[in-house]
Amino acid sequence: MFEQFIGLLVALGQQTGLTSISIGNIIMIIVGGLLVYLALSKKYEPFLLLGIGFSCIVSNVPGSDLTAPGGLFYYAFRGVEMVIIPPLIFLGVGAMTDFGPMISRPSLMILGAAAHAGIFIAIVLAKMTGEFSIAEAGAIGIIGGADGPMAIFVTMKLAPHLLPQIAVAAYSYMALMPLIQPPVMKLLTTKEERSIVMKQVRPVSRLEKIVFPFAIAIIVNLLLPPVAPLITMLMLGNMLREVLLVERLANTAANDLMNIITIILTVAVGSTMAADRFLTYKTMLIIGLGLIAFLGGTASGVIGAKIMNLFLKEKINPLIGSAGIASVPIAARVAHVVALKENPYNFLIMHAMGPNLAGVFGTAISGGIMLALLIQ
Amino acid sequence: MTIVPMTVPDTLEGAVILSIVDFFLSIVIIYGISLILHLFPLLNKLGTISDERLKGGH
């Protein structure tokens, strides 16, 4: 009787994950907990970090098979892997975004390209390690574009086997931008530069806002067909927003659909952080290179703005250069907050939104060129 | 002279070439888009669209 009881307990024990939990799982559960802590206590992008952190924790509890084929998170990740989720995110971003700040001051668009030097620094460094092919290096570099859907899209075309690591690096660093960017911004600017108050931008008419998505969709798709699915959806969402006629569709894309896709995406990204796949030398290299790409992009954006100031009569606040890295609107918000600390009456957010929005196109263009050159 | 399309070599030199070409072309394309946006105020000469009329359009 007693032996049968013990036998049943052993059988039950074998069904649990207790027998197979590893040190790696425990480390990753702590990492997931840290992401949740940063979202809760520091308010660093809770929309991204809570889902990523939670699914990272539960995916590292062995036995549940949530990420195995047929498991709950497996299908969430399939949506990312099959590149269904990224274009839908772009539809929502387009429907949420007012491109007015970019249309009103197009001269600042160049900062959207300047802030992408980090991509290229990471590509060269990745190749220098001798661990990655040129296609893998390109996929790693695109982390520096600070654009999650674009990073997923480019990685699926260039190095699909690196998708978990690259998606985690891109989304985690995007969420941690309030922590990563300010030291670089302060290091490269003086107090006087950070205090520069910029002139109000001109108002943009409804006609300009309606023509914009059509013009951009035609130009970018014509020049860079590889990124057409993303830019098309971004501009479709924006067109729905700006025509004002289909408020219901625009609201659905910007709110309900975006929320659903965000839940699926963050859960999918966090679920890839399983210890056996994640705690490897190559992953650590990718995470390190991703950070360098973010730091490099922030630095090159600020330096780009300072170079522009050499030729401008009316100086711009160089902090807005860092927003050119993309990651709308996180990077613009970081520039705004850093400027507010120097001058509590300096509202930089709308000025930073111009380069920030241009950064989305900068990443798309960089990714498109990379795909065109590497996939032949 | 015929120019044959080249693939990027899988070397460090290839990575440097890819980076330079990509960075340069990104700047050129973004600058091109900004030039087009500079022309956008001219659209307002065609007329105006009232937000109220659009909203009440259906």
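Note that the structure is predicted; figures quoted are calculated from it, not measured. In the text below, chain A, chain B and the rest are named by the order of the sequence lines, each starting its count at 1.
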Measure the acute angle between the ring planes of B/Phe40 and A/Phe212, then classify it against the limits of 30° and 60° as parallel, tilted or perpendicular.
-> perpendicular
Please say whether more than 12 non-hydrogen atoms of neighbouring residues, nucleotides or ligands are located less than 6.0 Å from NZ in A/Lys157.
-> no
Specify the closest pair of heavy atoms between B/His38 and A/Ser107, including all atoms of both residues, with the distance to one decimal.
-> NE2-N, 4.0 Å
Answer yes or no: is there a side-chain heavy-atom contact under 4.5 Å between B/Ser34 and A/Met102?
-> no
Using non-hydrogen atoms and a 4.5 Å limit, figure out which bit of A/Ala117 sits close to chain B: side chain, backbone, both or neither.
-> both
In terms of heavy-atom pairs under 4.5 Å with chain A, which of B/Val16, B/Leu46, B/Leu35, B/Leu18 leads?
-> B/Leu18
Portion of A/Arg105 that has a non-hydrogen atom of chain B nearer than 4.5 angstrom | neither
Which of A/Ile103, A/Leu223, A/Val124, A/Ile134 touches chain B most, by non-hydrogen pairs under 4.5 Å | A/Ile134
Min side-chain heavy-atom separation B/Ile33-A/Met109 under 4.5 Å = yes
Rounded to the nearest 0.5 angstrom, the CG-CE distance for B/Leu25 and A/Met370 is 12.0 Å
Which heavy atom of A/Ser366 sits nearest a heavy atom of B/Ser26, and at what distance?
-> OG-OG, 3.2 Å
Taken to the nearest 0.5 Å, the spacing of B/Leu12 CG from A/Lys127 NZ works out to 8.0 Å
Where do B/Pro41 and A/Glu208 come nearest, in terms of heavy atoms and distance?
-> N-OE1, 3.9 Å
Do you know which of B/Asp22, B/Leu37, B/Leu43 has the most heavy-atom pairs under 4.5 Å to chain A?
-> B/Asp22
What option among B/Ile29, B/Ile30, B/Thr11 has the most heavy-atom pairs under 4.5 Å with chain A?
-> B/Ile30
With a 4.5 angstrom heavy-atom cut-off, which part of B/Ile36 approaches chain A: side chain, backbone, both or neither?
-> side chain
May I have the step-by-step check of side chain to side chain contact (heavy atoms under 4.5 Å, CB included) for B/Thr48 and A/Leu207, ending in yes or no?
-> CA-CA 7 Å; B/Thr48 53; A/Leu207 181 59; over 6 Å; no
Largest heavy-atom contact set with chain B, pairs under 4.5 Å, which of A/Val211, A/Val220, A/Ile219 | A/Val211
Check each atom of A/Ile216 against the heavy atoms of chain B and say whether the ones under 4.5 Å are side chain, backbone, both or neither.
-> side chain
Under 4.5 Å from a heavy atom of chain B, the part of A/Ile119 involved | neither
Return yes if some donor-acceptor pair links the side-chain N/O of B/Asp10 with the main-chain N/O of A/Ser133 below 3.5 Å, else return no.
-> no
To the nearest 0.5 Å, atom CD1 of A/Ile121 lies from atom CZ of B/Phe23 at 8.5 Å
Look up atom CZ in B/Phe24 and atom CD1 in A/Ile369, then write down how far apart they are to the nearest 0.5 Å.
-> 10.5 Å
